[in-house]
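We count ligands from 1, going down the list as the structure has it; atoms in each ligand are counted the same way. The structure displayed is predicted, hence computed values, not measured ones.
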Amino acid sequence: MSMMLDRRQALSLGFGGIATLMLAACGGGSSESAASGATVYKIATDTTFAPFEYAEADGTYVGIDIELLASIAADQGFEYELQPLGFDAALQAVQASQADGVIAGMSITEERKKIFDFSQPYYDSTVCAAAKAGGDIKSLDDLKGKTVAVKTGTMSESWANSLAEQYGFTTVAFDTSDVMYQDVAAGNTACCFEDTPVMSYAISTGNVALELIAEAEADSEFATPYGFAVNKGENAELLKMFDAGLANIKSNGTYDQIVSKYVKSVE
Ligand code: GLN
């Protein structure tokens, strides 16, 4: 009881403004910048999806998506607040109009086009399966009767589901890529399904002792590029600015600079 009073007193003694701002930042879509009065777009992203988005030791978010967004916003002169929610949660936040847009290595699919409007594609990707390096699981044929790890709401989860019956495995879902990899490394699940650029990056940086055992065909429905997305029919202006900014940073070399910072060979 006394604690509540203290908190209320504290609010009335000057934290009120900050609290109001924080509340404004938590509910609904875009808010207004206190400094400029400009719209501040809420952009949702994944928590751990290197090299596209991940936190450094001090909590600062870095990665290809993060830098592309920053460059595009600077080019187009819009303000935004980054919300690292996790992949599935980010998509849900946009659908519920709690966030204005999502950049999260999000594959452009026909299914998703029914509920989101996408930017121009900005990065080619495909999906793969990875098992413990040097272990018994060498290909999809070794998965009979096994449990495999997938990430909730992702393209690679759909790929796994499409193969489950044929190869005789069952799936268990994880919310984040890093926890999923650890589960495979610990030997709880036989392999995990993930986007190839992300899995390859984790392996090449030595972050996880896994190896690729399969990849979707390059011409399959699972090999689709990433796009920035907004809720269907909403935030058309933001989407337009994203596309315009993307075109600009592609032609002035910024796009290539950002990608080559994280990925060794840029085609
Ligand atoms: N590209 C995948 C998808 O869109 C995974 C994205 C992610 O996990 N951040 O489903």
Side-chain angles (χ1 to χ4, degrees), residues 43-55 61-69 82-95 99 101-130 148-164 171-184 189 191-203 205 207-208 210 212 214-218 220-232 239 242 259 262-263:
I43 310 294
T45 188
D46 201 346
T47 47
T48 316
F49 203 57
F52 295 93
E53 46 267 341
Y54 58 101
Y61 266 82
V62 294
I64 296 172
D65 285 350
I66 307 303
E67 293 202 32
L68 289 180
L69 176 63
L82 195 69
Q83 301 192 324
L85 302 175
F87 183 66
D88 196 45
L91 268 57
Q92 286 181 30
V94 173
Q95 285 178 73
V102 49
I103 187 158
M106 181 179 176
S107 311
I108 303 173
T109 69
E110 291 309 315
E111 224 20 58
R112 287 177 181 161
K113 276 187 195 168
K114 293 177 192 158
I115 40 178
F116 296 97
D117 288 329
F118 281 97
S119 69
Q120 289 300 311
Y122 68 82
Y123 199 91
D124 287 335
S125 187
T126 187
V127 291
C128 66
V148 306
V150 296
K151 186 171 164 188
T152 307
T154 61
M155 187 77 158
S156 47
E157 179 186 43
S158 306
W159 188 48
N161 287 337
S162 76
L163 301 171
T171 61
V172 55
F174 292 82
D175 283 338
T176 61
S177 291
D178 54 339
V179 178
M180 177 172 77
Y181 305 161
Q182 291 319 320
D183 202 69
V184 179
T189 36
C191 77
C192 62
F193 287 76
E194 176 62 293
D195 285 10
T196 309
V198 173
M199 197 70 251
S200 300
Y201 183 84
I203 293 170
T205 52
N207 284 341
V208 287
L210 303 186
L212 297 200
E215 195 167 39
E217 300 290 328
S220 86
E221 60 177 302
F222 303 102
T224 60
Y226 297 158
F228 169 80
V230 295
N231 208 7
K232 197 161 188 66
L239 191 59
F242 189 94
V259 172
Y262 293 93
V263 184

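Between the side chain of T196 and the backbone N or O of T126, at least one donor-acceptor pair lies under 3.5 Å. Not one N or O on the side chain of S107 forms a donor-acceptor pair closer than 3.5 Å with the backbone of T109. In terms of modelled atom types and a separation under 3.5 Å, the side chain of S119 and the main chain of G227 share no donor-acceptor contact. At distances below 3.5 Å, not a single donor-acceptor pair connects side-chain atoms of D195 with backbone N or O atoms of S156.
The shell of residues lying under 4.0 angstrom from ligand 1, judged by heavy atoms, includes R112.
Nearest to atom 2 (C) of ligand 1 among the protein's heavy atoms is D195 OD2, 3.2 Å.
When heavy-atom distances to ligand 1 are checked against a 4.0 Å cut-off, F52 has no atom that comes that close, whether in backbone or side chain. When non-hydrogen atoms are compared, ligand 1 lies under 4.0 Å from the backbone of T154 as well as from its side chain.
The residue among A90, A104, S156 with a heavy atom at the shortest distance from atom 9 (N) of ligand 1 is A104. In this structure, of E194, M155, K151, the residue bringing a heavy atom nearest to atom 10 (O) of ligand 1 is M155.
Once rounded to the nearest 0.5 Å, the distance linking NZ of K151 with CD of E194 reads 5.5 Å.
In this structure, Y226 and F49 have tilted ring planes: the angle between them lies in the 30° to 60° band.
The shortest N/O to N/O separation between G105 and ligand 1 falls below 3.5 Å.
Of the N and O atoms on the side chains of N207 and Y201, not one donor lies less than 3.5 Å from an acceptor on the other residue.
Every atom of ligand 1 with a heavy atom of Y226 under 4.0 Å away is listed here by number and element: 1 (N). Those atoms of ligand 1 that come under 4.0 Å of a heavy atom in M106, given as number and element, are 4 (O).
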